[in-house]
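Worksheet: the structure to be examined is printed underneath.
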Amino acid sequence: MAIKVLVVSSYKDTWNAVRPEGEMLIGLHRQGVDIQVMTQGDADFAARFREAGIRVIDFHPRKKFDREAVGRIRRELIEQDRQILHLFNNKAIRNGIAAARGLPVKVVTYRGYTGNIHWWNPVSYLTHLSPRVDRITCVSDAVKESLERQLFFPKGKAVTVSKGHDPAWYADIQPAGLSEFSLPGNAVAVAVVANARRMKGIPFLIEATHRIPPELPVYFLMIGRGLEGGKTGQLVARSPLRDRFIFTGFRSDVLSLVSACDISLLPSVKGEGLSKVLLESMFLGVPAIMTDIGGNRGLAIHGETALVVPAGNPDALAEAVILLAENPELRREMGPKGRAFVRSHFGIDRSVAEMKAVYESLING
């Protein structure tokens, strides 16, 4: 008999952002798991679910405490005889836990970041630390370990299920023309994809530019919301390479831009569960520079499939940029090696198998 799962999540983000999670659910459906998805019916990916034969329930909680959402989720659990309730965001988690109260359903939550959950904080017991939660699926071992460090945390409650990718998703990505940015012909373009959040470590990257020789034609393509202006703008204004920073804002063609660049760099200092942009860059065959935060552990072999530097270290960031910028042959070797590595270790089939094993352990164990 098929395992019956109700998923509550939002798929209103960009296609690339939601695709790994969505395709994992489709893969589970193809493996015989009875998946139903409660999400916004007008989300682009909702059509993909319907196309794959998955029932889409046009609803998503509007706030963290939503009586309508609690009732709607509870009715679906009862009427559709669901065995597992999988909750993928904070609004879904809080309302879903309340909806499952008193029902013979297993509750699973998803965690994609490290930190910000503490055993001494009562609010944490409304989400992942709630006794009503049976499993927490973590995007990486670093997230799992951050939960297991909490006092009184039950052994085996947190499990790692990475969000895998399919090489076919990147086969048709064509490098964008960078002519709109008026780069010189000898430019070494470095893609930095991030939003303006402290965890992304952008100030350390800007500080690193004070150590990069001005004669090295390195240009930084800053792709993301909120990066221009504010403190970042002030720091860039003091950089000797201030004219080498190009702020694009949000771009829907981000993968094409990254594919056109010579290097992909993410200077994160904390919080990342698994850096999706680094995975995407490596699947595109673009040599990457990353930091050694827990969420990046296992994502690369330093010096072979990518360059891994200490977090919050401008000197190390500068050295890595200089090394790749000065060595086009190294870039040509590292890009394909990185792609082969993530294809082997972060495929969508692995994610489907890991998630199915979690569901089976809850039903059979």
Side-chain angles (χ1 to χ4, degrees), residues 175-176 178 181 183 187-213 216-225 227-228 232 235-236 239-242 244-248 251 254-272 274-293 295-297 299-328 330-335 337-339 341-342:
L178 300 182
F181 306 117
L183 301 180
V188 177
V190 181
V192 182
V193 183
N195 291 325
R197 301 173 67 184
R198 185 177 300 177
M199 62 188 280
K200 299 299 183 180
I202 300 300
F204 296 102
L205 168 61
I206 300 171
E207 179 63 25
T209 63
H210 291 261
R211 285 103 163 139
I212 297 174
L216 196 62
V218 177
Y219 287 75
F220 297 93
L221 206 60
M222 309 295 288
I223 309 167
R225 296 183 175 93
L227 291 174
E228 190 170 12
T232 300
L235 293 174
V236 168
S239 168
L241 302 185
R242 54 186 169 275
R244 311 280 189 86
F245 282 86
I246 301 167
F247 294 91
T248 73
R251 295 285 295 242
V254 59
L255 292 184
S256 292
L257 289 176
V258 172
S259 181
C261 288
D262 301 287
I263 301 167
S264 177
L265 187 157
L266 189 63
S268 300
V269 293
K270 63 177 182 178
E272 302 273 8
L274 181 67
S275 299
K276 185 172 70 69
V277 65
L278 291 174
L279 268 176
E280 292 172 337
S281 300
M282 295 172 77
F283 269 100
L284 288 168
V286 179
I289 299 172
M290 65 186 73
T291 54
D292 61 357
I293 61 173
N296 290 341
R297 190 192 318 147
L299 191 53
I301 301 172
H302 174 62
E304 182 177 337
T305 65
L307 295 183
V308 185
V309 303
N313 189 321
D315 290 330
L317 280 171
E319 289 174 7
V321 171
I322 293 169
L323 177 62
L324 286 181
E326 290 183 337
N327 292 275
L330 178 60
R331 299 199 302 269
R332 284 192 290 269
E333 292 176 359
M334 187 171 287
K337 287 182 179 178
R339 178 165 49 205
F341 184 84
V342 293

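This is a predicted model, so every value here is computed, not measured. Nothing fancy with the numbering, it's 1 onward along the sequence.
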Q: Carefully, step by step, assess L241 and I206 under the rule side chain to side chain contact (heavy atoms under 4.5 Å, CB included).
A: CA-CA 9 Å; L241 302 185; I206 300 171; over 6 Å; no

Q) Taking the side chain from T291 and the backbone from S268, do they hold a donor-acceptor pair closer than 3.5 Å? A) yes

**Q.** Spacing of N327 atom CG and M334 atom CE [to the nearest 0.5 Å]
**A.** 9.5 Å

Q) Roughly how far, to the nearest 0.5 Å, is the CD1 atom of I293 from the NZ atom of K270? A) 11.0 Å

Q. Got a donor-acceptor contact below 3.5 angstrom from the R331 side chain to the A325 backbone?
A. yes

Q) What are the two closest non-hydrogen atoms of F204 and N313, and how far apart are they? A) CD2-N, 4.5 Å

Q. To the nearest 0.5 Å, what is the distance between OG1 (T232) and CZ (F247)?
A. 6.5 Å

Q | Main-chain N/O of S239 paired to R242 side chain as donor or acceptor, under 3.5 Å | A | yes

Q. Shortest non-hydrogen contact from A191 to C261?
A. CB-SG, 3.7 Å

Q: Mind checking the CG-OG1 spacing from L299 to T305? Nearest 0.5 Å is all I need.
A: 7.5 Å

Q.
For a side chain to side chain contact (heavy atoms under 4.5 Å, CB included) check, start with the C-alpha distance between T209 and R244, then their side-chain angles and the critical distance, and finish with the verdict.
A. CA-CA 10 Å; T209 63; R244 311 280 189 86; over 6 Å; no

Q: Decide yes or no for V236 and F220: does some side-chain heavy atom of the first lie under 4.5 Å from some side-chain heavy atom of the second?
A: no

Q) Of all heavy-atom pairs between G201 and V269, which one has the smallest distance, and what is that distance? A) CA-CG1, 4.0 Å

Q: Would you check, one step at a time, whether the test side chain to side chain contact (heavy atoms under 4.5 Å, CB included) holds for E272 with K200?
A: CA-CA 8 Å; E272 302 273 8; K200 299 299 183 180; 2.6 Å; yes

Q) Of all heavy-atom pairs between P287 and L324, which one has the smallest distance, and what is that distance? A) CB-CD1, 4.4 Å

**Q.** Spatial distance of atom CG (L221) from atom CD1 (I263) [nearest 0.5 Å]
**A.** 12.5 Å

(Q) Side chains of L183 and I246, heavy atoms from C-beta outward: is any pair under 4.5 Å? (A) yes

Q: With rounding to the nearest 0.5 Å, note down the distance linking CD1 in I202 to CE in M222.
A: 4.0 Å

**Q.** Candidate pair V308 and N296, rule side chain to side chain contact (heavy atoms under 4.5 Å, CB included), full reasoning
**A.** CA-CA 9 Å; V308 185; N296 290 341; over 6 Å; no

Q. What's the shortest heavy-atom distance between L216 and I322, and which atoms?
A. CD2-CA, 4.0 Å

Q: Give the minimum heavy-atom separation between A311 and D292, together with the two atoms involved.
A: N-OD1, 3.0 Å

Listed pairs under 3.5 Å, donor-acceptor, residues 276-284 side chains, sequence neighbours left out:
| from | atom 1 | to | atom 2 | distance (Å) |
| --- | --- | --- | --- | --- |
| K276 | NZ | E280 | OE2 | 2.9 |
| S281 | OG | S264 | OG | 2.8 |
| S281 | OG | V277 | O | 2.7 |

Q | N195 side chain vs G224 backbone, donor-acceptor pair below 3.5 Å | A | no

